[in-house]
Amino acid sequence: MTTGWPTLSGSTDDVFVFITGISLVLLLLTSGTMVYFVVRYGRKRNPHPESIRENLLLEVVWTVIPTILVLVIFWLGWKGFVYKRTVPTEAMLVKVTARQWSWGFRYENGRESGVLKVPLGRPVKLSITSVDVLHSLFIPAFRVKEDCVPGRETYLWFQPDTLGSFDLFCSEYCGMAHSSMITKVEVLPQEEFAAWYEQAPGPAAAAAVKKPGGSGRESRAHEGSELVQAKGCLACHSIDGTPKIGPTLKGVFGKKEIVLRNGKEVEITVDESFIRRQLLEPEKERVKGYPPIMPSQKGLLKDSEIEEIIEYLKTLR
Ligand code: CUA
């Protein structure tokens with residue numbers, strides 16, 4: 001593994017340890033001196049206190065030393081800031097979309113994923129936006145964090161120097177399911193990443209080469225499963241029956257549910273038309289017992305994609 005840059009986490013930690021170290025030394029020095037003075041110059045040992053007016057040497061010392069210290073801290077911070085804001089030209093670009101309440105990652109070849117997969121040792125630039133409210137993208141292991149602002153693109157970069165799986169959080173309160181807005185950064189060996197990146201097409205590419213004949217339904221269901229993952233449905237809906245903030249998708253077709261529609265309770269059987277309405281106009285009706293937080297996918301999902309999702313849901317028995 002060759003890296004031209006020190007890792008971000010390394011440079012961030014150095015500054016953190018430096019500042020903590022200075023604080024600790026100063027705390028011990030001032031507290032120690034204070035305790036010593038209390039003992040040494042208490043009224044018992046020093047019944048007639050003298051009045052000390054000024055001491056030029058002392059004043060120069062306690063002005064100059066802290067000034068130098070804060071300038072050093074500023075210089076380290078500035079250096080780190082410039083480093084963090086300067087993206088290496090060979091960085092791989094990934095577009096990030098934050099939404100209530102999931103993450104979407106889109107690569108330059110159109111590949112989409114709900115997990116951020118990156119190759120080892122190559123700098124990655126995340127170009128970030130939000131489709132609804134403010135979120136914040138935070139990868140503690142890489143010491144990077146950036147706001148996700150609707151209508152604006154922000155960015156950050158990092159260089160993964162260790163193989164493994166790392167947490168990626170939303171670190172700004174964004175509503176009901178903020179705490180489930182979690183995913184992973186998976187750092188893969190370069191060949192493994194290349195295989196994933198090149199061989200598995202994104203939903204858009206797959207739609208273009210839809211297989212004819214009997215396998216069509218199966219491949220649509222497969223695309224549907226990728227969409228459900230990439231579009232973040234799984235943040236609120238489980239596929240194995242586990243209760244989450246929204247109803248589980250397991251066995252959803254043909255299920256009888258009580259829904260609230262125009263303030264009235266109605267019993268319905270889940271069918272294609274209900275799923276479609278839930279995706280496009282979730283504000284009009286919702287399954288009883290669940291909060292009204294399902295975001296509308298109108299304009300976010302193509303008609304063919306909705307069909308793929310429905311095809312997939314039918315397989316969840
Ligand atoms: Cu998104 Cu908190």
Side-chain angles (χ1 to χ4, degrees), residues 8-9 12 84-85 87 91-107 111-118 124-158 160 164-187 202-203 225-240 242-249 278-283 286-287 289-301 305 309:
L8 285 176
S9 48
T12 305
K84 284 197 167 189
R85 300 313 292 167
V87 184
M92 179 179 84
L93 177 71
V94 182
K95 296 209 166 194
V96 183
T97 305
R99 54 181 110 77
Q100 289 173 310
W101 287 274
S102 65
W103 299 99
F105 304 101
R106 191 182 169 85
Y107 295 76
R111 185 104 177 85
E112 286 185 345
S113 172
V115 172
L116 179 57
K117 297 196 192 234
V118 292
V124 176
K125 178 186 178 182
L126 301 184
S127 178
I128 307 163
T129 193
S130 164
V131 295
D132 37 48
V133 300
L134 287 177
H135 304 270
S136 179
L137 189 156
F138 183 30
I139 314 172
F142 302 156
R143 314 290 192 269
V144 289
K145 181 151 119 177
E146 188 60 54
D147 279 355
C148 319
V149 185
R152 192 199 286 184
E153 270 198 6
T154 53
Y155 72 94
L156 60 77
W157 77 276
F158 59 86
S165 180
F166 306 93
D167 290 320
L168 188 156
F169 296 115
C170 176
S171 57
E172 187 152 305
Y173 183 70
C174 54
M176 282 288 276
H178 158 70
S179 63
S180 67
M181 209 169 152
I182 298 176
T183 185
K184 294 278 180 194
V185 184
E186 280 176 13
V187 183
S225 80
E226 299 243 310
L227 278 168
V228 163
Q229 194 239 119
K231 298 293 178 186
C233 312
L234 302 182
C236 300
H237 303 278
S238 77
I239 53 170
D240 60 359
T242 314
K244 276 195 173 180
I245 201 154
T248 184
L249 300 176
Q278 281 295 291
L279 285 168
L280 298 177
E281 301 176 311
E283 65 284 353
R286 71 185 150 94
V287 177
Y290 293 94
I293 55 173
M294 168 81 186
S296 170
Q297 304 298 307
K298 204 175 254 175
L300 300 176
L301 285 176
E305 291 178 320
I309 289 174

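Atoms within each ligand, like the ligands themselves, are counted from 1 in listed order.
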Set of ring-ring contact (aromatic ring centres under 6.0 Å, His included) partners for His237, sequence neighbours left out: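 None.
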
For Tyr155, ring-ring contact (aromatic ring centres under 6.0 Å, His included) partners two or more places apart: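 ring-ring contact (aromatic ring centres under 6.0 Å, His included) check on Tyr155 returns nothing, list empty.
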
Closest non-hydrogen atom pair between Ile245 and Ala177, with its separation: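 Shortest heavy-atom contact: CD1-CB, 4.1 Å.
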
Shortest non-hydrogen separation from Trp101 to His178 and the atoms involved: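 Heavy atoms only, the tightest pair is CD1-N, 3.4 Å.
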
Glu226 bridged to Arg111 by N-O distance under 4.0 Å: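 Looking at Glu226 and Arg111, the cut-off is met.
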
Summary of salt bridge (Lys or Arg N to Asp or Glu O under 4.0 Å) pairs that have at least one residue in residues 289-298, sequence neighbours excluded: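 Passing the test, one end in residues 289-298: Glu281-Lys298.
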
Contacts of atom 1 (Cu) of ligand 1 with protein N/O/S atoms, counting only those under 2.8 Å: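 The answer is His135 ND1, Cys170 SG, Cys174 SG, Met181 SD.
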
